Amino acid sequence: MGGQPLYLEPRLGSRLGSLLESPRLLHSLTDALGSPLNVVIPDQIADNVEQFRSVYARHHLSGQVFFAHKANRSSALLRRLATTDAGVDVASLGELQHALGAGFTPDRITATGPKNPEFLWLAARTSVTVSVDSRGELDQLAALVRRFGLPRVRVLLRLSGFEASGVRVLSRRSRFGTPVRAAPSLLEAVESHRDAVEPVGVAYHLDTTSVDEKATALEGCLRVLEECRDRGLRPRAVDVGGGFGLDYLADGEQWQRYTSALTDAVLGIRPPMTWGGHGYGLRNEGGTLRGALGLYPAHRPVAGTRYLDELLAHAAPSLGGRPLGSLLVEHLYDLHTEPGRALLDQCGLTLAKVLEVREPEPGGELHVRLAANAGDIGLEEHGVLLDPVVVPRAGGTPAGSGTGEAPVAVHLFGSLCLESDLITRRTVFLPRRPEPGDLMAFVNTAGYCMDFHATLAQRQPVARKVAAWQEDGAWHWCLDDQYWPTTSVGGAQ
Ligand SMILES: Cc1ncc(COP(=O)(O)O)c(C=O)c1O
């Protein structure tokens, strides 16, 4: 196999851990419903909302946690969420209809993202809050309100292009939001549309893992709110978007070992660790390492609620160096968040059946073909590297790295007739050789890696989805569409 196995074992909470210890259930589900199969755990999203709420409580903050629906299409997750005090951030007409149908009242819905006229109209008609992306969108919304005689629409003004005070460092470039330097003219437009819109706050969403960049944006939003007050406007919320992230791995040292070995492999110091010597953004130029590792930081100890905590504790240099959380409290501003991936932590997994195991060269890396394609398991697409858990057909517990059986190196291929259909380009190490009929469980796929990229390519079916919950010490399940809060005891409480 060449060298020590380099595992990237997934972090498993108690629910996913328990599910993986139920091989009979997982095999009968895939036997009945096919492979790939997605399993979501509605009760987990409710617990995750509580975790976010506890950060609000610690900082004495009011405001709303809006789940970014785009991260998963599940009805079960949304309906279970409707039983909590969370809201939902919808980014399309379909998501808005879905949220209304799942039981969210309009005061618990925010419409974000690029919007077509139908989406804007339904948002305005049902009185959901609209996060306005640009001056043009504001004008369009105001025109719709007047034309159809609709009630005034609550709007958040989405901003971008923030600048740290005193330093000419712009935050990440974004397609979305009005550049903060154009805020004065946007506010003038809001004033001119007073009859049609009511400004309730400002917003941003930055696609970055950097707390500093987000703190700069939040500080910039606080300054714009001051400007609003100077103009006699009374917005009282800041929506800091999503991007709190998720820690996928059980062991940070495995991540360190893996990434330094990958660097060595790119430099030719050790054998390749990927299909075709792919470097995940790194390259060897005459013995010098170039490029940047284009991977999600799968080991992220400060993710999710800890990330929010850190952002709120961050000082605002242009506002007396006070922590951002304290400034929000002092001004009686509401804090809105829109976590997607972070709220879906431990909320699901994707199962794929092993169809074939080949050994092209004796003792070499195995070629394992799965009944799923790369679009069904979007971990690689999102740059998330983590090992699947093998659930043997023959029963018994899933193969952990301590089983004592010989580890193997494998390449995981998808079911499409395409050279590029690799579940991952990484050589994956497994604690023992998989067999046809075994299942591979890809853990923590609920955030973007479950249904976001799934297609009907080659007329192969997309994964079905089931909701699973624990009741009376046993696992129960139903099709995702069939789940309502009254279905499970946990949900009905
Ligand atoms: C406006 C907005 N809010 C929230 C999110 C959710 O981000 P995440 O899943 O990283 O928390 C996104 C993601 O694209 C977004 O565009």
Side-chain angles (χ1 to χ4, degrees), residues 40 45 48-49 51-52 55 63-74 77-78 81 86-92 95-96 99 108-115 119-120 123 128-134 137 155-162 171-178 201-211 213-214 217-218 221 237-248 295-298 300 302-311 335-348 378-379 381-384 444-453:
V40 295
I45 199 167
N48 295 350
V49 170
Q51 301 283 324
F52 267 83
V55 179
Q64 186 61 285
V65 179
F66 292 96
F67 167 55
H69 186 0
K70 61 179 73 93
N72 198 298
R73 282 190 233 162
S74 163
L77 291 173
L78 209 63
L81 199 70
V88 59
D89 146 23
V90 295
S92 70
E95 286 186 0
L96 173 55
R108 294 172 63 192
I109 303 177
T110 302
T112 64
K115 303 170 198 73
F119 181 25
L120 264 188
V128 312
T129 301
V130 176
S131 182
V132 172
D133 203 35
S134 64
E137 193 173 279
V155 293
L156 288 163
L157 304 174
R158 180 165 170 181
L159 305 170
S160 60
F162 298 93
S171 61
R172 201 157 303 248
R173 200 167 157 212
S174 173
R175 276 171 63 191
F176 303 110
T178 303
V202 293
Y204 69 84
H205 168 80
L206 296 183
D207 191 13
T208 175
T209 56
S210 158
V211 179
E213 268 184 74
K214 291 201 178 147
L218 178 45
C221 283
V238 187
D239 185 328
V240 299
F244 302 96
L246 197 157
D247 186 8
Y248 286 94
L295 289 173
Y296 189 88
R300 263 185 92 170
V302 181
T305 51
R306 291 185 66 186
Y307 188 100
L308 176 60
D309 211 18
E310 194 155 299
L311 175 63
L335 172 77
H336 297 329
T337 50
E338 297 169 359
R341 195 189 291 261
L343 266 195
L344 291 171
D345 187 16
Q346 302 292 322
C347 284
L379 292 165
E381 171 73 28
H382 281 257
V384 179
N444 234 340
T445 50
Y448 300 102
C449 300
M450 193 171 260
D451 53 32
F452 203 94
H453 302 278

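The structure displayed is predicted, hence computed values, not measured ones. Hydrogens, waters and symmetry mates play no part in the numbers below; they use all other heavy atoms, side chains included. In each ligand, atom 1 is the first atom listed, and ligand 1 is the first ligand listed.
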J.: Mind checking what makes side chain to side chain contact (heavy atoms under 4.5 Å, CB included) contact with His382, not counting sequence neighbours?
T.: Arg341, Val384, Tyr448, Cys449, His453
J.: Would you find a donor on one side and an acceptor on the other, under 3.5 Å apart, between the side chain of Asp239 and the backbone of Thr337?
T.: no
J.: Among side-chain atoms of Thr305 and Gln51, is any donor-acceptor pair under 3.5 angstrom?
T.: no
J.: So, the side chain of Asn48 versus the backbone of Leu343: is there a donor-acceptor pair under 3.5 Å, distance only?
T.: yes
J.: Using modelled atom types and a 3.5 Å cut-off, is there a donor and acceptor pairing between side-chain atoms of Lys70 and backbone atoms of Asp89?
T.: no
J.: Counting only heavy atoms and a distance below 4.0 Å, can you name the residues contacting ligand 1?
T.: Ala68, Lys70, Asp89, Arg158, His205, Gly242, Gly243, Glu338, Pro339, Gly340, Arg341, Tyr448
J.: Below 4.5 Å, heavy atoms only, C-beta onward: do Tyr204 and Leu218 meet side chain to side chain?
T.: yes
